[in-house]
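This report refers to the structure that appears directly beneath it.
Everything numeric here is computed off the predicted structure, so don't read it as measured data. Residues take their numbers from the sequence shown, with the count starting at 1.
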Amino acid sequence: MEEDEDDHKMIINAIDNLKDTGDMGDSLDDLINDEQLPKSLIITNLNPDLFKDDALKEQIETLLSQFGKPKSFQYLKSFRRMRVNYESSAAAAKARINLHQSVFASSKINVYFVQPMTPFDSADQHLQPPAPTKQFLISPPSSPPVGWEPRPESEPLVNYDLLAAIASLTPGLSHELHAPSESQPGIVVHVCEDGAMVGTKRIMQTACPPTKP
(Lines give C-alpha, C1' and ligand atoms only; values in the text may rest on other atoms or scores of the structure.)
Protein backbone atom coordinates (compact mmCIF):
# COMPACT_ATOMS: atom_id res chain seq x y z
CA MET A 1 0.00 0.00 0.00
CA GLU A 2 2.92 2.34 0.66
CA GLU A 3 4.04 2.05 -2.99
CA ASP A 4 0.52 2.97 -4.20
CA GLU A 5 0.50 6.06 -1.98
CA ASP A 6 3.89 7.15 -3.39
CA ASP A 7 2.56 6.74 -6.95
CA HIS A 8 -0.37 9.02 -6.22
CA LYS A 9 2.04 11.70 -4.93
CA MET A 10 4.31 11.57 -7.99
CA ILE A 11 5.23 14.98 -9.42
CA ILE A 12 6.24 15.68 -12.99
CA ASN A 13 9.73 17.10 -13.35
CA ALA A 14 9.72 20.90 -13.16
CA ILE A 15 11.65 21.15 -16.43
CA ASP A 16 8.50 19.99 -18.26
CA ASN A 17 6.81 23.21 -17.14
CA LEU A 18 3.74 21.24 -16.06
CA LYS A 19 1.59 21.42 -12.97
CA ASP A 20 1.95 18.78 -10.28
CA THR A 21 -0.71 16.19 -9.42
CA GLY A 22 -2.11 18.36 -6.69
CA ASP A 23 -3.28 20.94 -9.25
CA MET A 24 -4.21 18.49 -12.02
CA GLY A 25 -6.00 15.91 -9.93
CA ASP A 26 -5.70 13.80 -6.80
CA SER A 27 -4.64 10.64 -8.64
CA LEU A 28 -2.09 9.62 -11.21
CA ASP A 29 -4.89 8.57 -13.56
CA ASP A 30 -6.02 12.19 -13.84
CA LEU A 31 -2.54 13.16 -14.99
CA ILE A 32 -2.28 10.35 -17.51
CA ASN A 33 -5.71 11.08 -18.98
CA ASP A 34 -4.99 14.78 -19.43
CA GLU A 35 -5.34 15.36 -23.19
CA GLN A 36 -3.45 18.67 -22.98
CA LEU A 37 -0.15 16.86 -22.46
CA PRO A 38 2.16 16.52 -25.51
CA LYS A 39 2.17 13.27 -27.44
CA SER A 40 5.93 13.29 -28.08
CA LEU A 41 8.89 12.60 -25.80
CA ILE A 42 12.59 13.39 -25.97
CA ILE A 43 14.94 10.83 -24.41
CA THR A 44 18.40 12.15 -23.55
CA ASN A 45 21.73 10.78 -22.29
CA LEU A 46 21.48 7.62 -24.39
CA ASN A 47 24.35 5.18 -24.67
CA PRO A 48 26.31 5.96 -27.89
CA ASP A 49 26.28 2.24 -28.76
CA LEU A 50 22.52 2.46 -29.27
CA PHE A 51 22.87 4.40 -32.53
CA LYS A 52 25.00 1.72 -34.19
CA ASP A 53 23.46 -1.41 -32.67
CA ASP A 54 20.18 -2.55 -34.24
CA ALA A 55 19.56 -4.96 -31.36
CA LEU A 56 19.63 -2.10 -28.82
CA LYS A 57 17.32 -0.05 -31.03
CA GLU A 58 14.85 -2.92 -31.12
CA GLN A 59 15.03 -3.25 -27.33
CA ILE A 60 14.30 0.41 -26.60
CA GLU A 61 11.51 0.52 -29.18
CA THR A 62 9.94 -2.55 -27.57
CA LEU A 63 10.30 -0.91 -24.16
CA LEU A 64 8.62 2.28 -25.33
CA SER A 65 5.83 0.32 -27.04
CA GLN A 66 4.75 -1.15 -23.68
CA PHE A 67 3.07 2.14 -22.75
CA GLY A 68 1.17 2.69 -26.00
CA LYS A 69 1.45 2.47 -29.76
CA PRO A 70 4.21 4.78 -31.07
CA LYS A 71 3.77 6.47 -34.43
CA SER A 72 7.47 6.96 -35.16
CA PHE A 73 10.99 6.97 -33.69
CA GLN A 74 13.65 9.54 -34.55
CA TYR A 75 17.30 9.00 -33.58
CA LEU A 76 19.57 12.04 -33.05
CA LYS A 77 23.04 10.55 -32.89
CA SER A 78 24.96 13.83 -32.62
CA PHE A 79 23.00 14.80 -29.48
CA ARG A 80 22.76 11.29 -27.99
CA ARG A 81 18.97 11.67 -28.05
CA MET A 82 15.91 10.15 -29.62
CA ARG A 83 12.33 11.30 -30.11
CA VAL A 84 9.29 9.07 -29.86
CA ASN A 85 5.87 10.19 -31.10
CA TYR A 86 2.85 8.44 -29.60
CA GLU A 87 -0.72 8.34 -30.86
CA SER A 88 -2.09 9.56 -27.51
CA SER A 89 -1.06 11.81 -24.64
CA ALA A 90 -1.78 9.03 -22.13
CA ALA A 91 0.87 6.78 -23.65
CA ALA A 92 3.44 9.59 -23.59
CA ALA A 93 2.63 10.37 -19.95
CA LYS A 94 2.99 6.73 -18.89
CA ALA A 95 6.35 6.42 -20.63
CA ARG A 96 7.51 9.73 -19.14
CA ILE A 97 6.62 8.69 -15.59
CA ASN A 98 7.99 5.15 -15.73
CA LEU A 99 11.19 5.65 -17.72
CA HIS A 100 12.55 8.99 -16.45
CA GLN A 101 15.88 8.47 -14.60
CA SER A 102 15.81 4.76 -15.42
CA VAL A 103 18.81 2.79 -16.70
CA PHE A 104 19.01 1.51 -20.26
CA ALA A 105 22.17 -0.02 -21.75
CA SER A 106 24.22 0.99 -18.68
CA SER A 107 23.21 4.64 -19.04
CA LYS A 108 20.73 6.60 -16.91
CA ILE A 109 18.31 8.19 -19.35
CA ASN A 110 16.13 11.28 -19.00
CA VAL A 111 12.66 11.49 -20.53
CA TYR A 112 10.97 14.85 -21.16
CA PHE A 113 7.81 16.01 -22.88
CA VAL A 114 8.30 17.87 -26.16
CA GLN A 115 6.83 21.32 -25.60
CA PRO A 116 4.72 22.54 -28.54
CA MET A 117 5.61 25.88 -30.11
CA THR A 118 2.66 28.27 -29.96
CA PRO A 119 2.58 31.27 -32.33
CA PHE A 120 2.22 34.79 -31.01
CA ASP A 121 -1.10 35.20 -32.78
CA SER A 122 -3.38 32.20 -33.21
CA ALA A 123 -4.81 33.77 -36.39
CA ASP A 124 -1.38 34.34 -37.91
CA GLN A 125 0.77 31.20 -38.23
CA HIS A 126 3.82 33.06 -39.57
CA LEU A 127 6.92 33.68 -37.50
CA GLN A 128 7.08 37.14 -36.00
CA PRO A 129 10.16 39.41 -36.30
CA PRO A 130 12.28 39.90 -33.18
CA ALA A 131 11.71 42.83 -30.88
CA PRO A 132 13.20 46.16 -32.12
CA THR A 133 15.63 46.21 -29.20
CA LYS A 134 17.15 42.93 -30.40
CA GLN A 135 17.26 44.12 -33.99
CA PHE A 136 19.34 47.08 -32.89
CA LEU A 137 21.96 44.72 -31.44
CA ILE A 138 22.76 43.48 -34.96
CA SER A 139 25.87 45.13 -36.38
CA PRO A 140 25.25 47.18 -38.43
CA PRO A 141 21.65 47.66 -37.27
CA SER A 142 18.95 47.42 -39.90
CA SER A 143 17.13 50.36 -38.33
CA PRO A 144 17.35 51.95 -34.88
CA PRO A 145 14.38 51.55 -32.53
CA VAL A 146 11.76 54.26 -32.26
CA GLY A 147 12.95 57.16 -30.14
CA TRP A 148 16.65 56.27 -30.46
CA GLU A 149 19.01 59.24 -30.64
CA PRO A 150 22.77 59.20 -31.27
CA ARG A 151 24.92 59.92 -28.25
CA PRO A 152 27.12 63.01 -28.74
CA GLU A 153 30.85 62.35 -28.88
CA SER A 154 32.63 63.25 -25.66
CA GLU A 155 35.28 65.97 -25.48
CA PRO A 156 38.86 64.83 -26.13
CA LEU A 157 40.93 64.24 -23.03
CA VAL A 158 43.89 66.68 -22.83
CA ASN A 159 46.69 65.81 -20.43
CA TYR A 160 48.12 69.23 -19.59
CA ASP A 161 50.78 67.74 -17.32
CA LEU A 162 52.14 65.72 -20.24
CA LEU A 163 52.12 68.76 -22.54
CA ALA A 164 53.97 70.83 -19.93
CA ALA A 165 56.58 68.09 -19.49
CA ILE A 166 57.18 67.89 -23.25
CA ALA A 167 57.49 71.68 -23.55
CA SER A 168 60.13 71.78 -20.82
CA LEU A 169 62.49 69.50 -22.77
CA THR A 170 65.45 71.40 -24.14
CA PRO A 171 66.34 70.68 -27.79
CA GLY A 172 69.77 69.09 -28.25
CA LEU A 173 69.99 67.76 -24.68
CA SER A 174 69.36 64.38 -23.13
CA HIS A 175 66.84 63.94 -20.32
CA GLU A 176 67.02 60.96 -18.01
CA LEU A 177 63.51 59.84 -17.11
CA HIS A 178 64.46 56.78 -15.12
CA ALA A 179 67.82 55.96 -13.56
CA PRO A 180 69.29 52.54 -14.36
CA SER A 181 69.37 49.83 -11.70
CA GLU A 182 70.52 46.24 -11.37
CA SER A 183 67.14 44.89 -12.45
CA GLN A 184 66.22 47.29 -15.25
CA PRO A 185 67.92 49.71 -17.67
CA GLY A 186 67.57 53.45 -17.53
CA ILE A 187 65.27 55.49 -19.75
CA VAL A 188 66.82 58.50 -21.52
CA VAL A 189 65.08 60.81 -24.00
CA HIS A 190 67.30 62.53 -26.59
CA VAL A 191 65.62 65.66 -27.91
CA CYS A 192 66.51 66.64 -31.48
CA GLU A 193 67.80 70.09 -32.18
CA ASP A 194 65.60 72.61 -34.00
CA GLY A 195 65.55 71.85 -37.71
CA ALA A 196 67.34 68.51 -37.26
CA MET A 197 64.39 66.63 -38.75
CA VAL A 198 63.71 69.14 -41.51
CA GLY A 199 64.12 67.64 -44.99
CA THR A 200 64.80 64.07 -45.94
CA LYS A 201 68.00 62.16 -46.47
CA ARG A 202 68.51 59.55 -49.14
CA ILE A 203 69.10 56.10 -47.71
CA MET A 204 72.25 54.61 -49.17
CA GLN A 205 71.82 51.18 -50.61
CA THR A 206 73.91 48.47 -48.99
CA ALA A 207 76.52 47.15 -51.37
CA CYS A 208 76.35 43.48 -52.28
CA PRO A 209 79.24 41.32 -51.11
CA PRO A 210 81.81 40.48 -53.78
CA THR A 211 81.10 37.34 -55.72
CA LYS A 212 83.70 34.66 -56.22
CA PRO A 213 84.69 33.94 -59.83
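- In this structure, CG on Asn110 lies 8.5 Å from CZ on Arg96, to the nearest 0.5 angstrom.
- Across every non-hydrogen atom of Asn98 and Lys94, the tightest pair is ND2-O, 2.6 Å.
- Taking CZ from Phe51 and OG from Ser78, the interatomic distance works out to 9.0 Å, rounded to the nearest 0.5 Å.
- Side-chain N or O atoms of Tyr86 include one that pairs as donor or acceptor with a backbone N or O of Leu64 at under 3.5 Å.
- Residues Ala92 and Pro38 approach most closely at CB-O, 3.5 Å, considering heavy atoms.
- Each of Asn47, Leu46, Leu50, Asp49 was checked for a side chain to side chain contact (heavy atoms under 4.5 Å, CB included) with Ser107, and the lone residue meeting it is Asn47.
- In this structure, Lys77 NZ and Met82 CE are separated by 15.0 Å, a value rounded to the nearest 0.5 Å.
- The nearest pair of heavy atoms linking Ser88 to Ala91 is OG-N, 3.4 Å.
- Residues Ala93 and Leu37 approach most closely at CB-CD1, 3.8 Å, considering heavy atoms.
- A 4.5 Å side-chain heavy-atom check between Lys39 and Glu87 finds every atom pair outside the cut-off.
- The backbone N or O of Val111 sits less than 3.5 Å from a side-chain atom of His100, completing a donor-acceptor pair.
- Atom-to-atom distance recorded for Leu177:CG and His175:NE2 is 9.0 Å, nearest 0.5 angstrom.
- Arg83 approaches Ser40 most closely through the heavy-atom pair NH2-OG, 3.4 Å.
- The side-chain heavy atoms of Leu41 and Tyr112, taken from C-beta on, include no pair separated by under 4.5 Å.
- Summarising the geometry, atom CZ belonging to Phe113 is positioned 8.0 Å from atom OG belonging to Ser89; distances are rounded to the nearest 0.5 Å.
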Thr44/Arg80 under side-chain contact (heavy atoms from CB on, under 4.5 Å): CA gap, chis, key distance, verdict: CA-CA 6 Å; Thr44 67; Arg80 293 180 57 190; over 6 Å; no
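- Both Leu63 and Phe73 are part of a single hydrophobic cluster, where members link through side-chain heavy atoms under 4.5 Å apart.
- Checked against side chain to side chain contact (heavy atoms under 4.5 Å, CB included), Asn159 has the following partners two or more places apart in sequence or in another chain: Asp161, Leu162.
- Taking CG of Leu76 as the start and CD1 of Ile43 as the end, the distance is 10.5 Å to the nearest 0.5 Å.
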Could you give the side-chain donor-acceptor pairs of residues 52-61 under 3.5 Å, partners two or more places apart or in another chain?
| from | atom 1 | to | atom 2 | distance (Å) |
| --- | --- | --- | --- | --- |
| Asp53 | OD1 | Ala55 | N | 2.9 |
| Glu61 | OE2 | Tyr75 | OH | 2.7 |

